[in-house]
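Step one of this worksheet: look at the structure below.
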Amino acid sequence: MSEREQSPQDMDLVTGARTPAGSGAHGYAAPDESYYTAPQYSTSPVTLRRPDGVAALLLILAGIAAGISLLMQWVRDNERTGWDLLLRGLEDLERSVGEVFRSGFWQPLAVILGGGVLFLLGLLMIVPARTHRFLGVLALLVSLTAGAGVLVPFARAGWDPSVFDAGLWTAVAVAGLGLLGALKGMLTGPRYGTLAPQE
């Protein structure tokens, strides 16, 4: 076979050396390319953005429990519902902050309004993020405030559960669910993985 009859695939144009056809040798690379193509995705671990479904569920349930407590009586032999206590607490708060603490109506305010905040934080937990620890810390502070709004009435009643009605027990659920959701959000660290290749 003459050199004119040789196929371009059989000869290296730079060195003039012949390359056997079908040998699997690398093709020619442009100045800005290499023989070995790098993958179009990262193989090193990266922090993945994801929602925290469990924490979100717990905090949303805490908010729902706060809403349910508005419809129930908190103290036996007292027809005031949680809604009545909330309105009275807001009236005292309009007068002054000291007044709402002197009257003791800060306690239903802490539980009911705190439950509303926990509900919103639960919705934010659904938004994908690298970590939800900041939201977990906020939820912890709100839950502890709601817990204080539950423990103080119990302490003043001498820890006698017969004094209270279903409304206050629902308030206990607000603080408990909020605390669990806050801890879940705080203690769940970031998740690492690799990016999928782009097609």
Side-chain angles (χ1 to χ4, degrees), residues 49-157 159-161 163-190:
R49 301 175 68 89
R50 58 187 176 82
D52 194 334
V54 175
L57 177 63
L58 291 170
L59 295 179
I60 290 174
L61 289 177
I64 293 174
I68 293 174
S69 70
L70 292 172
L71 308 175
M72 298 180 174
Q73 298 178 4
W74 286 41
V75 181
R76 292 186 184 277
D77 302 326
N78 190 324
E79 295 183 354
R80 283 184 173 179
T81 63
W83 179 253
D84 298 326
L85 298 176
L86 176 63
L87 294 179
R88 173 60 189 278
L90 292 175
E91 290 176 0
D92 291 346
L93 186 60
E94 288 181 357
R95 297 188 185 95
S96 68
V97 176
E99 178 64 25
V100 74
F101 279 96
R102 281 193 296 271
S103 65
F105 281 94
W106 68 268
Q107 300 153 20
L109 283 181
V111 174
I112 297 171
L113 297 182
V117 174
L118 292 175
F119 184 87
L120 294 177
L121 291 174
L123 294 179
L124 292 177
M125 289 281 189
I126 301 175
V127 178
R130 291 183 176 88
T131 179
H132 294 86
R133 286 177 177 171
F134 177 71
L135 296 177
V137 171
L138 292 180
L140 178 64
L141 296 176
V142 175
S143 300
L144 292 177
T145 304
V150 170
L151 291 176
V152 170
F154 270 104
R156 289 181 176 177
W159 306 102
D160 183 5
V163 176
F164 302 104
D165 211 334
L168 193 66
W169 294 111
T170 310
V172 172
V174 174
L177 291 170
L179 183 60
L180 291 176
L183 293 176
K184 175 63 174 63
M186 288 173 55
L187 299 178
T188 301

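In what follows, residues are counted from 1 in the order of the sequence shown.
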Q: Ignoring hydrogens and angles, tell me if any N or O in the side chain of Thr188 forms a donor-acceptor pair with the backbone of Gly185 under 3.5 Å.
A: no
Q. Would you say Phe105 and Leu85 make side-chain contact, with heavy atoms under 4.5 Å?
A. yes
Q.
Quick one, Asp165 and Val75 - any side-chain contact, counting heavy atoms below 4.5 Å?
A. no
Q: Over all heavy atoms of both residues, which pair between Asp52 and Ala55 is shortest? Give the atoms and the distance, please.
A: OD1-N, 3.3 Å
**Q.** 4.5 Å side-chain heavy-atom contact, Leu151 and Trp159
**A.** yes
Q. Measuring from Leu93:CG to Trp106:CH2, what's the distance to the nearest 0.5 Å?
A. 13.5 Å
Q: Would you confirm whether His132, through its side chain, and Ile126, through its main-chain N or O, come within 3.5 Å as a donor-acceptor pair?
A: no
Q | Spacing of Ile64 atom CD1 and Leu59 atom CG [to the nearest 0.5 Å] | A | 11.5 Å
Q. Where do Val54 and Lys184 come nearest, in terms of heavy atoms and distance?
A. CB-CE, 3.9 Å
Q) Is there a side-chain contact between Leu140 and Met186, using heavy atoms and a 4.5 Å cut-off? A) yes
Q) Which class fits the ring pair Phe164 and Phe154: parallel under 30°, tilted 30 to 60°, perpendicular over 60°? A) tilted
Q. What closest approach, in Å, do Gly115 and Val174 show between heavy atoms, and which atom pair accounts for it?
A. CA-CG1, 4.0 Å
Q. Taking it one step at a time, do Arg88 and Asp92 satisfy salt bridge (charged side-chain N to carboxylate O under 4.0 Å, His left out)?
A. CA-CA 6 Å; Arg88 173 60 189 278; Asp92 291 346; 3.3 Å; yes
Q. Do Leu109 and Leu90 touch side chain to side chain, with heavy atoms closer than 4.5 Å?
A. yes
Q. Looking at Met125 and Ala56, what are the two nearest heavy atoms and their distance?
A. CB-CB, 3.6 Å
Q.
Distance check, rounded to the nearest 0.5 Å: Leu187 atom CG versus Arg133 atom CZ?
A. 8.0 Å
Q: Not counting sequence neighbours, which residues clear side-chain contact (heavy atoms from CB on, under 4.5 Å) with Phe134? List them please.
A: Leu138
Q | Gap separating the CZ atom of Arg80 from the CD atom of Gln73, nearest 0.5 angstrom | A | 12.0 Å
Q. Would you call Arg156 and Gln107 a side-chain contact if the rule is heavy atoms closer than 4.5 Å?
A. yes
Q. Does the Asp84 side chain pair with the main chain of Thr81, one donor and one acceptor, at a distance under 3.5 Å?
A. yes
Q | Closest heavy-atom pair and its distance - Ala148, Pro153 | A | O-CD, 4.3 Å
Q) Taking atom CD of Glu91 and atom CG of Leu86, what is their separation to the nearest 0.5 Å? A) 10.0 Å
(Q) To the closest 0.5 Å, what do you measure between CG (Leu87) and CG (Leu70)? (A) 9.0 Å
(Q) So which atom in Ala171 and which in Trp74 form the shortest heavy-atom distance, rounded to 0.1 Å? (A) CB-CH2, 3.9 Å
Q. Would a distance-only check, ignoring hydrogens and angles, find a side-chain to backbone donor-acceptor pair under 3.5 Å from Thr170 to Ser69?
A. no
Q) Has Asp160 got more than 12 heavy atoms of other residues, nucleotides or ligands less than 6.0 Å from its CG? A) yes
